[in-house]
Amino acid sequence: MFRISLPNASWPLTSISSRLSSSSVSSFHTSAVLQARRTASSRKRNIQRTQERRIQEAQNKPSIVLGTRAHEEETVWPKCDLAKCLVNPHSLNGPPVTLPSTSTSSSASSAMPAHLLETIENPELGATVTVPKHTNYGIDAPEKEMLFMELPNLTATAPLIADESSFNSTFDVGARSQVSAEALAGKHAAAAEAEKKKMDAFAKVIDLQNANAGGIAYENRRRIILAFSAPENPFDPGRTEVQAALLTYKIRNMWSHLTTFKRDVGNRRGLLKLIHQRAKILRYLKRKDQDRYEALLPRLALDSRSVEGELVL
């Protein structure tokens, strides 16, 4: 009797379980899976939108190191006053050109590019010397005039004055005038030729191409001080604008070094200190004179958002 009742009792149980399983599977495949898919797709869209927004903000945010945006660096930096007054070591060398021969010996800088040369004429000695525009040791236009005009003339005429005084001490006036004229003319020509050679050799010495990195940095600092000083004080290293410009020059040099040597961790900390020091100086200038602060930022190719607020590198 148990064998007869077992199939009869098991049939409704299996049908009930099959119905329950079919109903649960149908509900799982219709509502839960679709809802999970919608949630996953919306999450992916939100993540993608967040990434795009962050990329857009990073592109529009100026760099706290360079002060410009990434897509504006090539156009904004070359037009600022700081970039115009600096000497680029790579621009000092160029394709050599052959200059026309002058009345003197071969020019000292005949292998330099023509746009980096200038000529100085000395009518008293009858000499024309070719001098580089970018000179070392802080030599500017007044120093060039003194070195290539005044000193050669004094050096060439100093022996002649001594000889003339000695000739004037003789008693025979006719012999004295004849000997003195011939001797002084010959000595003057020899002295003038010697001074021409000295001028050509000295033009090589003062060329900025012969300077090392320290000499070029010194020349750049000198030019920055002259460019950002006030008209009433043309050489004022303590002026706020000059200090901010010098720090910007140091920051850009250190940043170019760190982009090449990325494992230099020590200089990275020094870069942070320079950035905060520049921001401190600019905040002081903003409190002291708002107009000077706003006029200085475009001269240094800096955006106000790159020096204000919290600076995180």
Side-chain angles (χ1 to χ4, degrees), residues 81 83-168 177-227 234-235:
D81 294 342
K84 291 179 181 179
C85 71
L86 294 179
V87 175
N88 187 5
H90 302 288
S91 65
L92 294 177
N93 298 317
V97 296
T98 303
L99 298 180
S101 59
T102 59
S103 60
T104 64
S105 59
S106 61
S107 176
S109 304
S110 59
M112 291 180 60
H115 66 282
L116 300 178
L117 300 171
E118 60 181 356
T119 57
I120 298 178
E121 295 183 0
N122 192 331
E124 293 188 12
L125 297 179
T128 302
V129 61
T130 304
V131 182
K133 289 184 179 180
H134 301 300
T135 56
N136 202 0
Y137 310 109
I139 297 176
D140 211 344
E143 289 79 10
K144 287 182 181 179
E145 183 179 359
M146 180 183 65
L147 293 172
F148 295 99
M149 296 289 292
E150 299 176 2
L151 289 180
N153 296 336
L154 292 175
T155 306
T157 56
L160 305 181
I161 295 174
D163 292 340
E164 186 178 3
S165 63
S166 64
F167 281 126
N168 290 333
S177 60
Q178 183 179 2
V179 173
S180 63
E182 294 176 356
L184 290 177
K187 287 192 174 184
H188 180 69
E193 188 65 27
E195 290 303 318
K196 293 174 186 178
K197 294 180 180 179
K198 290 180 183 178
M199 292 164 62
D200 289 336
F202 195 70
K204 291 182 180 180
V205 174
I206 65 173
D207 188 3
L208 193 59
Q209 287 186 1
N210 301 326
N212 55 5
I216 294 176
Y218 171 80
E219 177 66 20
N220 283 332
R221 288 193 297 267
R222 188 184 69 87
R223 293 189 178 201
I224 289 172
I225 295 173
L226 292 174
F235 196 85

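Computed from a prediction, not measured in an experiment: that's the story for all the values here.
For R221, there are no side chain to side chain donor-acceptor pair (under 3.5 Å) partners, not counting sequence neighbours.
Put simply, the side chain of I139 reaches to within 4.5 Å of the side chain of I206, judged on heavy atoms. R222 has its side chain within reach of F235: a pair of non-hydrogen atoms, C-beta onward, lies under 4.5 Å apart. Within the 4.5 Å cutoff, the side chain of L86 has heavy atoms near those of the I224 side chain. Annotation: side chain of L208 is in contact with side chain of V87 (closest heavy-atom distance under 4.5 Å). Looking at heavy atoms from C-beta onward, F202 lies in side-chain contact with F148 at the 4.5 angstrom threshold.
The shortest non-hydrogen separation linking M199 to L125 is SD-CD1, 4.4 Å. Smallest separation of non-hydrogen atoms from C85 and R223: O-CD, 3.1 Å. Here the shortest heavy-atom pairing between T130 and A203 reads O-CB, 3.7 Å. Scanning all heavy atoms of the two residues, the minimum distance from K144 to P132 falls at NZ-O, 3.2 Å.
Interatomic distance, T128 OG1 to D200 CG, rounded to the nearest 0.5 Å: 10.0 Å. To the nearest 0.5 Å, the span separating CE on M149 from CG on L154 amounts to 11.5 Å. The line from CG of L151 to CD of E145 is 11.0 Å long, rounded to the nearest 0.5 Å.
The one candidate from T155, V129, L147 that meets the side-chain contact (heavy atoms from CB on, under 4.5 Å) condition with K198 is T155.
The number of heavy-atom neighbours closer than 6.0 Å to CD of E143, taken from other residues, nucleotides and ligands shown, is above 12. The environment of CD in E124 is sparse: at most 12 heavy-atom neighbours from other residues, nucleotides or ligands sit within 6.0 Å.
With hydrogens and angles disregarded, no donor-acceptor distance shorter than 3.5 Å links the side chain of N122 to the backbone of A127. Judged by distance alone, with hydrogens and angles left aside, the side-chain atoms of D207 form no donor-acceptor pair with the main-chain N or O of N136 at under 3.5 Å.
Looking at E193 and K197, no side-chain N of the basic residue comes within less than 4.0 Å of a carboxylate O on the acidic one, giving no salt bridge.
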